[in-house]
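Below you'll find the structure I mean.
Residues: numbered from 1 along the sequence shown. Predicted model, so just to flag it, every value in this text is computed and none were measured. No hydrogens, no waters, no symmetry mates; every other heavy atom, side chains included, goes into these values.
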Amino acid sequence: MNTRRKPLLPVITFVVLSALQLGGLTAFAQGPGPGQRIPLPPIPLKGDTTHTLSKHFAPASTAKKAPDAKGFIQRWLVLEPVKKDIVRNNIFTDNYLRTTFSADNFSSDYTTIPKNGETVNVGNQALKWYALDSKSFNVNLYHFTYAINKPKYGILVWLVTIIDCPEEIQNVRMAAGCNSGSMWWLNGQEALLLSGDRDMIADNGTSGRLTLKKGRNIIRGGVINGPGMANFCVRFLDETGSPVKNLSIRYD
C-alpha cells in the first residue's frame with residue numbers, strides 16, 4: 001500500500017508550491033496599498049506620426065491656474081531638450097546630477113523667469129521655451145519631445161513655473177516623482193534631489209520643511225533621462241500630508 005502512495009507525494013508537493021507561488025505573484029502585482037502608483041498616460045503607439053502637442057498639452061494662458069484636485073502643478077515653462085550622450089540611467093548619482101545641472105544650465109540665476117517662445121543657448125544648442133498646461137497630473141516629457149520632433153532619449157529638460165500664495169505657508173514639503181533623475185529649487189535654493197534610475201511614482205521624494213512666501217514663489221526643475229520615458233510630477237504637502245491647493249500658478 002505504501003509503495004502506491006509514494007508517487008502522489010511529488011504531485012501534491014508541486015500543487016502546493018504552485019499555489020503558494022501564484023499567491024505571491026498576485027500579492028506582488030497588487031502593489032504596496034496606500035503607496036500605489038497613480039496611473040500614467042499611455043506611451044504613444046509606434047504608428048502615431050501626428051507629432052501634435054495638443055494631444056497631451058494645451059498652450060498656457062495668461063490667466064492664473066489652480067493646482068488639480070490632488071494639488072499637482074500642471075502649468076510649466078518647458079525648454080526644448082538639451083541633448084545628452086547618456087546610454088544608461090544608473091549613472092545618476094547625487095554628484096553627477098549636481099555637476100551636470102550646473103554645467104548644462106540656461107542661467108546661473110535660479111530665480112530667472114524665461115519668456116514663452118524665447119530662445120536661449122545651452123552650450124552650442126539653441127533651445128526654445130514653451131508655456132504649457134499638461135492635461136494629466138504628470139508632465140510627460142516623452143510626449144512633449146515627440147510632439148516637437150526633438151530627441152526623446154538622452155535628454156535634460158529645464159522647467160520653470162511661478163506659484164502665487166495669498167498668505168505665507170510654513171512647514172510645507174515639496175513632493176516630486178520623476179523618470180529618471182531630477183533636481184528642484186524653490187526661490188533660488190535647492191529643495192529636492194532625486195537621484196538614481198527611478199520610475200515615475202507620485203511623491204517618490206519629499207523635501208525638508210519649506211516656507212512658501214506670500215506672493216510669488218519660483219520653482220525651477222531639471223529632469224534628466226537616458227533610455228526610456230521621461231516625465232515628472234510636483235506638488236506641495238502641508239504638515240498633515242494633505243495637498244496644498246490654495247495656490248495659483250502662472251508662467252510670467
**Study point:** Qualifying residues under side chain to side chain donor-acceptor pair (under 3.5 Å), relative to Thr111, sequence neighbours excluded
**Key:**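 If we apply the side chain to side chain donor-acceptor pair (under 3.5 Å) test to Thr111, skipping adjacent residues, the hits are Asp109.
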Practice item. Write out all pairs satisfying ring pair (Phe, Tyr, Trp, His ring centres under 6.0 Å) with one or both partners inside residues 233-252, taking only residues at least two apart or from two chains. Key: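 Applying ring pair (Phe, Tyr, Trp, His ring centres under 6.0 Å) to every pair that reaches into residues 233-252, excluding sequence neighbours, yields nothing.
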Review point. How would you list all residue pairs meeting salt bridge (Lys or Arg N to Asp or Glu O under 4.0 Å) that involve residues 125-146, not counting sequence neighbours?
Key: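 For residues 125-146: Arg75-Asp133.
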Exercise for review: Could you name each residue pair satisfying salt bridge (Lys or Arg N to Asp or Glu O under 4.0 Å) that touches residues 86-95, not counting sequence neighbours?
Suggested key: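 Non-adjacent pairs meeting salt bridge (Lys or Arg N to Asp or Glu O under 4.0 Å): zero.
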**Study point:** side chain to side chain donor-acceptor pair (under 3.5 Å) partners of Lys84, counting only residues at least two apart
**Key:**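 Side chain to side chain donor-acceptor pair (under 3.5 Å) list for Lys84, sorted by chain: Asp104.
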Exercise for review: Quick one: which residue pairs count as a side chain to side chain donor-acceptor pair (under 3.5 Å) with a foot in residues 153-167, not counting sequence neighbours?
Suggested key: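 Found Lys64-Asp164, Asp164-Arg250.
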Exercise for review: Not counting sequence neighbours, list each pair that qualifies as a ring pair (Phe, Tyr, Trp, His ring centres under 6.0 Å) and has a residue in residues 187-210.
Suggested key: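 Applying ring pair (Phe, Tyr, Trp, His ring centres under 6.0 Å) to every pair that reaches into residues 187-210, excluding sequence neighbours, yields nothing.
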Point to revise | Residues in side chain to side chain contact (heavy atoms under 4.5 Å, CB included) contact with Gln125, at least two apart in sequence or another chain | key: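 Applying side chain to side chain contact (heavy atoms under 4.5 Å, CB included) to Gln125 gives Val82, Lys83, Leu127.
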Practice item. Would you please name every residue forming a side chain to side chain contact (heavy atoms under 4.5 Å, CB included) with Asn204, sequence neighbours left out? Key: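 Per chain and number, Asn204 pairs via side chain to side chain contact (heavy atoms under 4.5 Å, CB included) with Arg198, Ile201.
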Point to revise | By side chain to side chain donor-acceptor pair (under 3.5 Å) - contacts of Ser248 (at least two apart) | key: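 Side chain to side chain donor-acceptor pair (under 3.5 Å) check on Ser248 returns nothing, list empty.
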**Study point:** Those residues that, when tested against Phe232, pass ring pair (Phe, Tyr, Trp, His ring centres under 6.0 Å) (two or more places apart)
**Key:**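 Applying ring pair (Phe, Tyr, Trp, His ring centres under 6.0 Å) to Phe232 gives Trp76, Trp184.
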Exercise for review: With sequence neighbours left out, write down each residue that passes side chain to side chain donor-acceptor pair (under 3.5 Å) with Asp68, or none if nothing qualifies.
Suggested key: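 Side chain to side chain donor-acceptor pair (under 3.5 Å) list for Asp68, sorted by chain: empty.
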